[in-house]
Every structure is written in C-alpha cells, then in structure tokens.
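As structure tokens, the structure follows; a few thoughts come after it.
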Protein chains: 2
Amino acid sequence: MPATIQDVARAAGVGRGTVSRVLNSRPNVDPVTRARVLEAIAALDFVPSAAARRLSLRRTQSIAVVTLHLTRPSVVERLRGIESALVDAALDMIVLNIETVERRDAVLRDVPRPERFDGLILISVAPHDTELAQIRRSGLPVVLIDAHHRALPRVVCDDVGGGMLAANHLLEYGHRRFGFIGDEPRPTLGVPSSRMRFRGVGLALREHGLAIRPEHVAEGEHTREFARELTETMLRSAARPTAIIAASDTKAIGVLEAARTLGIDVPGELSVIGYDDVEAADFVGLTTIHQPLAETGARAVHRMIGLIAGAARVPLREVLPVSLVERRTTGPAPA
Amino acid sequence: MPATIQDVARAAGVGRGTVSRVLNSRPNVDPVTRARVLEAIAALDFVPSAAARRLSLRRTQSIAVVTLHLTRPSVVERLRGIESALVDAALDMIVLNIETVERRDAVLRDVPRPERFDGLILISVAPHDTELAQIRRSGLPVVLIDAHHRALPRVVCDDVGGGMLAANHLLEYGHRRFGFIGDEPRPTLGVPSSRMRFRGVGLALREHGLAIRPEHVAEGEHTREFARELTETMLRSAARPTAIIAASDTKAIGVLEAARTLGIDVPGELSVIGYDDVEAADFVGLTTIHQPLAETGARAVHRMIGLIAGAARVPLREVLPVSLVERRTTGPAPA
DNA sequence: GTGGCGTGTGGAACCGGTTCCACAACCCCC
DNA sequence: GGGGGTTGTGGAACCGGTTCCACACGCCAC
C-alpha cells in the first residue's frame, strides 16, 4: 500500500497543504519545514498519485496520438519523435490507431474529451468540420502532423518543395519527359500529400516551359503491386517517360520492378525517384526525398505544450524542409 | 463544462448513488428509475470522468507497453496487435520506448507504479531480478513478449522451431555446409532470440549427423552493413557454406549484398534464409521465417486481462508457431 | 398485528491530491 | 504599543466518481 500525502504530513508533523506546497516547490515554505517534509517523503518512498492529481487539477497529463496506419515506417518514425518529446515533458502518450473508416469516425468522435486527454495530436488525419466543432467545444488543443486544415495548427513537411526538388534534380540531368506515380487523388482516409508532391513537380516543370502529360500520371492504391501495374502500362506507351517520380518509396520500388520485368535499365534508360527514405530505399539504392519525420513529431509536441500553456495558435502552419538523397536510380537522360 | 454525476442525479430527481448503480448496471434499481436516469444521462450528454473513476476505483484503466526499438517493423507489428486488443477492452495503451541502456533502467524503475498503470507488457525486455522484486512488490501484473524469464508469463514465437524450420528446408534441398549470421550473443539490451534460432538450426543439423562449423558462425550488431562485412569474410573462406541462415531479414539482406559484391549467385551457388518476413523481404524475394507478430500482441493482452481479473499465472509460457515463406533466395545445393 | 426479510434509495464517507481561507507569529514603523 | 503588512501554516472544501450504511416500504407468514 503506497504512502499518501496524509502519511507524509503526519510523519513530518505538518498539514497536507504544506506537503503539497513542498511537492510543487511553491514559495512561502520555511526551509526547515521543507527539509523535514522532504525527509519524510524520502523515508516513506512517497510518490504522489497521478489519479488524484489529475482529478484535482482537472488535467490528465496525457496526450492522445491518433495515427493512420501505425505500421507504416514513416508513421512510426514520427511516433518516435513524439514519444521522446512527451517523455521529456512528463506527459503520457496514448496511441489510437486507425485502419478503417469506421474506426476513424469512432476515434474522432470519442477523443475530444477533456477529462481523458490534455491534447490531441493527429497524424495524417484531418477532422471534418462537424468533428472540428466538437473538438472546439471540448476546448482541447489540437496539432496536426502531415495533414492540412485551414483553421488548425499543423506541422508538415514541404511536400510541394519535395516535388520540386525531385523534378529539378532530374531536370539537371537533362530529363524532359516525366512520369508520376501517386496515391488516389481523393483518399477516403488520410491526406493527399501525394497531390501536393505532384503540384511541386508541375511547378518545377513549368519554370522550364515543360509539363507532364496526363497519360504519364497514374494514381492509385498505396501498394507496390499496384504501382508496378500502373508503371508497366505507362512504360509500354510510345513516347514513354525517361524519369518517373513516385509519391512514396513503396511505389518507387514497384516502379523499379516494372522496369526490371520490361528489361528497361535503371538509371541508363529510366531514372526513378521515391519519397520517404525508408530503410528499404537504402539497400535498393533508390534516390529519394528525405523528410525530418521524427522532428515533425517533436515540433508538434512543442506546439502542443505551448497551446496547453495558453500560447496563441499562430503560426498555424509550420513547414519543415526536405532534402534529396541521391543514390543509384537517377542519372543523365538517355540521348 | 461537462456534466457530472451530480447534475444527472438532480435532473433525474435521484441520489448520486442511484446514478452510479445505473451506470454500472448493478441490480436493485427500479426499472422506472433506471429509465429516468438514462434519460437524464442522454439529455445532459453525460460521460463519466475517467479521472474520478480511476481515483475512486484505484484502477487506472491503462496498460504500459514498454518497447525496445519502437521503430523496428517487428515491434510495430506487435504493437498494432496490442493496440487493437486493448481498444476492445477499453484500456488505454501508454507506450514507453527504450533506445539506450540508461533509459531502459529508468523506465523499469519508474514503471511498476500501481497508481499509474494496471499492468505492464514488455516487448523484448526482461527485468533483472531486483527489478522483478520491485514489480512484485507493486503487485502489478506483467506479461512479456519475445522475452524470457523463468518466473513471468510470456508470449513468444517458437524461435527454436523457426531455426529448425529454416535448417530443414535447406537440408531438403541437399545443403550440407551451413553458415549462420546472428546478433551479439550477449546483448546489452534485449533478448537473445538470435541464440535460440541458432540452437534450432543446430538441433536440426544434429538429427542429420551434421554440425555447423565455428568459423561459419558470425554474430554482431544488428545492421545490414555489419552483416555484409561478416558474410564477406565468411564467403571468402576455403570451404565456404552453400547456405546461410540469418537471424533477421535485415541481416539476410546484408548477406545478399555480400554475395552480390563477390559475384556469388543466389540461389545458384548460395541459398539464403532470413527471419521476420518484413515488407522488404517480399520485394527482395527473400525466403524467410514468418512470425504471427500481431497475434503475440493480442495474446499478451488477453493474458493481461486475465491476470488483472485474478487468473492464475499458468501456463507461464505460451509459444506461437512460425512458418516458412519460400521465395527466390533458396534452392538446390550446388553440385 | 407484528416480526422478519428483501428491495430500492439517499446520502455520507472515501479515494488522494490542490487550493483557498483564516489565523498566528513576527517584523516594522510611526 | 498599537496598527498594518508579510510570512508560514493547518485545515476545510473541492475535484467526480464508488461504496457502504441506514432506512423506508411492501410483502409474507405466523
């Protein structure tokens, strides 16, 4: 049976209020008294009850983190950044994972409860307007990661910039005909970062008076197999692209497989760029866009702590820069 | 400001005790009264405060999950199984990640606190004896996953069986000279599952009157590069093995790289088997051992729920079977 | 009619903290 | 030496649930 604040008070011969003041290092405690209380705390191996604290303070000391597809490497990496930052702040991290639309709706309905959490961090999930209204009513601070909502603080990586980076890298190699393999343009779950990367590519090309042909844009399910199929048809077309930008490494690997089965040499006849820099990208030798994923998590936690402390919600949007990692799947355009 | 049980009691014209009885569907409540209370609950959109509940019940409704290397795919997959099972049981999952020895010790010191958690699930972490004593004193139920401790309930995959499975597969292909690439035999963090897989390999070979040569066993750090280096020296030896079993897919991919740089054909001249069946194994075409990872998580949660309800700690050890996934890196032994 | 029992109910006490109020002790100054 | 301010402290009230006790009421049996 763990000791309570009352036990400590008795042992130190003081009142409960005084022990509480010592615990929270409040002023107006005589140094001698403080020492006696600390001694009693040590002697009894007293640790304040989180439950009682929460009830009394009406703060839970815990943050709900809602993830979409927990098992994706990019999500886990973000989670790691969040966990580490939350530990430093002595906040508990409660993870809620979403894999289906039903669960998404259930989670977003149940989560805005001030008596359960002090704040919400949503990864790749943006609330609908009715959900937002409910969150607002609950008074809970929210920070989005890798998601967009005009009215909520969010930490994102520069998807448009990443698309431009990829395109410019290929343009420098002299490529003129580009292909793009992306996610479904209107995902039922999650956020269209794929679309923003595509926009970045388009912007970079336009600066050179170029454009990507509609038949060289293929969007669909986030699997390797699907990407391979899409790529195979694209590469069989007459004026096939000399460079393909994929919205994820998983897709890029599908692209590489398609090239292999068609006997197209990479990077001799075709350059390929991925996105995410997952572990697999390294050993496949895939050129890709690297994002500071763990850092997005850490930044989001800092924003959250600020919001809990009452800071303003500005700047709403925090954008972290991405970088290009060149490996062995990109090279000069074929003559 | 959310409604409290007092508000409901007033609205329904009953006492707080009655509302509580209705909430917890206790007997001895008049159906008419019950209906009136439920009506009031609905009208006020009342949700009981978790904090107050916890304090009063002296139960936290949350489970601490301690992970070693959260970002490894196998760990995340287990976590997914745990999360899903905990949600079904209306328990919160609080994740604590370990990356360093210091943090390991800090987490194991802080975590056995009954006022914070109702139970502990440790993934790939086993407590020392002094830590175990402290956990025992706290009275918290513990379940280990992928970890061994003679006195604690645990859910593991059949590592020895997995090793045997791999070896038997290669024996059927006529291989006689085997190599093994494993983790450090005495890891500072974590559990020597690598060693148990090695034991399985040894057992299977012995049944055929074979043994693995000491110079064909290389153990070290869990990285691809390291595995590649170890393999290169092993493959340069005179009577090099015709089949290599790696204790993880990451290592196996290092093995494949080594073979490629030395110009050794896989599976023509060398067969390679990994362990884990991570996503990358699929697109590399790696033959590997598949483990029911998410299921270990779910099983652990069920054990935990049983323990919380007061079930006995037997059976202490629960072993889940593994299976072999044959892809393109194994084949008949060279003549 | 009355004693005994079961059922439904209100309300006090409790879980273990925090906060606020009241008050004592002391210092200082006029 | 009395009024006013500061400092340190104890203790009550509170956070919002659960649980237990006491009691009212109805029913049945003797």
Side-chain angles (χ1 to χ4, degrees), chain A residues 1-41 44-62 90 92 113-118 138-139, chain B residues 1-41 44-62 90 92 113-118 138-139:
Chain A
M1 184 59 60
T4 73
I5 204 170
Q6 182 67 275
D7 303 331
V8 175
R10 244 194 307 269
V14 300
R16 298 201 293 166
T18 304
V19 178
S20 176
R21 277 183 285 266
V22 171
L23 280 175
N24 298 287
S25 35
R26 287 253 153 56
N28 298 349
V29 180
D30 188 287
V32 179
T33 313
R34 179 184 303 273
R36 221 171 48 239
V37 171
L38 289 175
E39 206 176 312
I41 288 174
L44 295 172
D45 191 22
F46 166 73
V47 182
S49 149
R53 197 146 207 286
R54 293 189 222 272
L55 177 58
S56 175
L57 287 176
R58 319 170 105 227
R59 257 193 286 118
T60 67
Q61 310 284 19
S62 55
D92 284 340
R113 294 241 296 274
E115 73 279 3
R116 285 198 62 192
F117 308 111
D118 288 351
S138 78
Chain B
M1 185 59 57
T4 73
I5 203 171
Q6 182 66 275
D7 301 333
V8 175
R10 243 193 308 267
V14 300
R16 298 202 292 167
T18 304
V19 177
S20 176
R21 278 183 285 267
V22 171
L23 281 176
N24 298 288
S25 34
R26 287 251 151 57
N28 297 350
V29 178
D30 189 287
V32 180
T33 313
R34 179 183 302 274
R36 219 169 53 236
V37 170
L38 288 174
E39 204 177 311
I41 287 175
L44 295 173
D45 191 21
F46 165 73
V47 183
S49 150
R53 196 144 207 287
R54 293 188 222 272
L55 177 60
S56 174
L57 288 176
R58 315 165 111 235
R59 259 193 285 118
T60 67
Q61 309 283 21
S62 55
D92 284 339
R113 294 239 298 275
E115 74 278 4
R116 285 197 62 192
F117 308 111
D118 288 352
S138 77

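Predicted model, so just to flag it, every value in this text is computed and none were measured. By convention in this document, chain letters (A, B, ...) are assigned in the order of the sequence lines, proteins followed by strands, and residues within each chain are numbered from 1.
Side-chain contact between A:V37 and A:V29 is absent, with no heavy atoms from C-beta onward closer than 4.5 Å. Using a 4.5 Å heavy-atom threshold, the side chains of A:R116 and B:V47 count as separate. Side-chain atoms of A:I41 and A:L23, non-hydrogen and from C-beta on, do get closer than 4.5 Å to each other.
Put simply, CG on B:D30 is 14 Å from C1' on C:dG6, counting in whole angstrom units. Taking atom CG of residue B:D7 and atom C1' of nucleotide D:dG17, one finds them 13 Å apart after rounding to whole Å. Note: CZ (A:R116) to P (D:dG16) measures 17 Å, nearest angstrom. Here the C1' atom of nucleotide C:dC15 and the CZ atom of B:R59 are 13 Å apart, to the nearest Å. If you take CZ of B:R21 and P of D:dT19, they are 11 Å apart, rounded to a whole angstrom. Computed from coordinates, the B:R113 CZ to C:dG16 P distance equals 15 Å when rounded to whole Å. Whole-Å rounding puts the B:Q6 CD to D:dG17 P distance at 10 Å. The distance from atom CZ of B:R10 to atom C1' of C:dG10 is 14 Å, rounded to the nearest whole Å.
Put simply, A:R26 has a side-chain N or O that comes within less than 4.0 Å of OP1 or OP2 on C:dT19. The side chain of A:N28 contributes an N or O atom lying less than 4.0 Å from OP1 or OP2 of D:dG8. At the phosphate of D:dG17, neither OP1 nor OP2 sits under 4.0 Å from any side-chain N or O atom of B:S20. Between A:R53 and the phosphate of C:dT18, there is a side-chain N or O to OP1/OP2 separation shorter than 4.0 Å. Contact between the side-chain N/O atoms of A:S49 and the OP1/OP2 oxygens of C:dG17 is not found at any separation under 4.0 Å. OP1 or OP2 of D:dT9 sits under 4.0 Å from a side-chain N or O of A:T33.
When the nearest nucleotides of DNA chain D are assigned to B:F46 and A:R36 by heavy-atom distance, the more 5′-ward of the two goes with A:R36. Between B:R34 and A:L57, the residue whose closest nucleotide on DNA chain C is further toward the 5' end is B:R34.
With hydrogens and angles left out, the side chain of B:S56 and the base of D:dG17 share a donor-acceptor pair within 3.5 Å. Interface remark: the B:R54 side chain does not form any donor-acceptor pair with the D:dG16 base, using a distance-only criterion of under 3.5 Å. At a cut-off of 3.5 angstrom, counting only N and O atoms as typed in the model, there is a donor on one side and an acceptor on the other between the side-chain of A:R16 and the base of C:dG17. Side-chain N/O atoms of B:R58 and base N/O atoms of C:dG16 include no donor-acceptor pair closer than 3.5 Å.
Remark: the backbone N or O of B:R113 is not paired with any side-chain donor or acceptor of B:S138 at under 3.5 angstrom.
Of the candidate nucleotides C:dT19, C:dT9, C:dG16, C:dG16 has the atom lying nearest to any side-chain atom of A:L55. For A:T4, the side-chain atoms get nearest to C:dG17 when compared with the rest of D:dT9, C:dG10, C:dG17. Among the nucleotides D:dG11, D:dG17, C:dG17, the one closest to any side-chain atom of B:I5 is D:dG17.
Nucleic acid contact class of B:V19 (heavy atoms, under 4.0 Å, all strands): none.
Residue-environment remark: CD (A:Q6) exceeds the threshold of 12 foreign heavy atoms within 6.0 Å.
Across all their heavy atoms, B:R36 and B:A12 have their closest contact at NE-O, 3.0 Å.
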